[in-house]
Amino acid sequence: MPRFQEILLLVGQLNYTWTNTESLLIYLIAGLAKVDKETAIVIFLTLNTTRARIELVERLAKMAGTPVECRRQVLEIASQLTRQGKLRNKYSHCIYSFDETGTHASTQLMRIFDSKDAIKYGKIEELDDSEMKRISASIQAIHAINKDIWRVVESNSFPH
């Protein structure tokens with residue numbers, strides 16, 4: 001398979017895995033907020049960023065009525081999601097460049113960095129074998145987070 005297709009397939013898998021796992025926050029919201037799944041879906045969809053959804057879950061977990069072990073598990077999940085989200089965001093919000101053979105690839109970040117008297121944008125990074133391994137490792141980590149969320153949902157009898 002040409003490198004071009006390999007990269008697109010891997011990034012697609014990263015996004016699919018992320019989206020599937022992020023949607024499981026619905027069950028954490030339902031259980032922690034003590035609402036039904038339908039209400040949790042409305043809350044989830046009303047919050048239009050991953051950061052807002054994760055912050056809500058963290059805040060609900062920190063409430064006094066949350067059992068200590070559940071709080072610990074949920075906060076760990078939120079921390080792991082935040083870490084993995086950084087890589088996912090990078091590859092969801094960049095431009096991809098390939099040479100004419102489709103063998104060498106790079107990304108250009110679509111982010112502005114302000115300093116005191118100048119701006120920088122479009123940082124270019126090589127998308128090499130080590131970065132491909134990093135993306136694959138992130139996909140595996142997100143799979144593990146997915147399983148962790150289900151364990152918390154089941155062990156705490158959250159609606160699902």
From [X] [atom1] over to [Y] [atom2], what is the distance, rounded to the nearest 0.5 angstrom?
{"X": "Glu6", "Y": "Ile135", "atom1": "CD", "atom2": "CD1", "value": "9.5 Å"}
{"X": "Glu125", "Y": "Ser97", "atom1": "CD", "atom2": "OG", "value": "12.5 Å"}
{"X": "Thr19", "Y": "Leu14", "atom1": "OG1", "atom2": "CG", "value": "9.0 Å"}
{"X": "Leu24", "Y": "Trp150", "atom1": "CG", "atom2": "CH2", "value": "5.5 Å"}
{"X": "Ile41", "Y": "Ile29", "atom1": "CD1", "atom2": "CD1", "value": "10.0 Å"}
{"X": "Thr82", "Y": "Arg51", "atom1": "OG1", "atom2": "CZ", "value": "8.0 Å"}

| query | Sub-3.5 Å donor-acceptor pair from the side chain of Ser138 to the main-chain atoms of Arg88, do we have one? | reply | no
| So, the side chain of Thr46 versus the backbone of Val42: is there a donor-acceptor pair under 3.5 Å, distance only? | yes
Would you kindly confirm whether [X] and [Y] end up in one hydrophobic cluster when ILVMFWY residues are joined by side chain heavy atoms under 4.5 Å apart?
{"X": "Tyr91", "Y": "Phe98", "value": "yes"}
{"X": "Val35", "Y": "Ile149", "value": "no"}
{"X": "Val68", "Y": "Leu60", "value": "no"}
{"X": "Ile124", "Y": "Ile95", "value": "no"}

| message | With no hydrogens and no angle check, just 3.5 Å: does a side-chain donor-acceptor pair link Gln84 and Gln80? | response | no
If you look at every heavy atom in [X] and [Y], which pair is closest and at what distance?
{"X": "Ala40", "Y": "Ile26", "result": "CB-O, 3.3 Å"}
{"X": "Gly65", "Y": "Lys34", "result": "O-NZ, 4.4 Å"}
{"X": "Asn20", "Y": "Asn146", "result": "ND2-ND2, 3.4 Å"}
{"X": "Leu25", "Y": "Val57", "result": "CD2-CG2, 4.1 Å"}
{"X": "Val152", "Y": "Leu28", "result": "CG1-CD2, 3.8 Å"}

| Under the salt bridge (charged side-chain N to carboxylate O under 4.0 Å, His left out) test, residues paired with Arg134 that sit two or more places apart | Glu131
Is any side-chain heavy atom of [X] less than 4.5 Å from a side-chain heavy atom of [Y]?
{"X": "Arg151", "Y": "Asp148", "answer": "yes"}
{"X": "Gln73", "Y": "Asn156", "answer": "yes"}
{"X": "Leu10", "Y": "Ile139", "answer": "yes"}
{"X": "Arg71", "Y": "Leu75", "answer": "yes"}
{"X": "Val11", "Y": "Tyr96", "answer": "yes"}
{"X": "Leu32", "Y": "Met63", "answer": "no"}
{"X": "Phe44", "Y": "Arg53", "answer": "yes"}
{"X": "Ser79", "Y": "Arg83", "answer": "yes"}

| task | Go through the steps to decide whether Trp18 and Leu81 satisfy the test side-chain contact (heavy atoms from CB on, under 4.5 Å), and finish with yes or no. | result | CA-CA 9 Å; Trp18 175 266; Leu81 269 176; 3.6 Å; yes
| request: Check which hydrophobic residues are tied to Ile119 through side-chain heavy-atom contacts below 4.5 Å, counting indirect links as well, and list them. | output: Ile112, Tyr121
| Restricting to pairs with a member in residues 35-45, which pass side chain to side chain donor-acceptor pair (under 3.5 Å), not counting sequence neighbours? | Tyr27-Lys37, Asp36-Thr39
| query | Run the side-chain contact (heavy atoms from CB on, under 4.5 Å) check on Cys70 and Phe158 step by step: do they pass? | reply | CA-CA 11 Å; Cys70 178; Phe158 288 172; 3.8 Å; yes
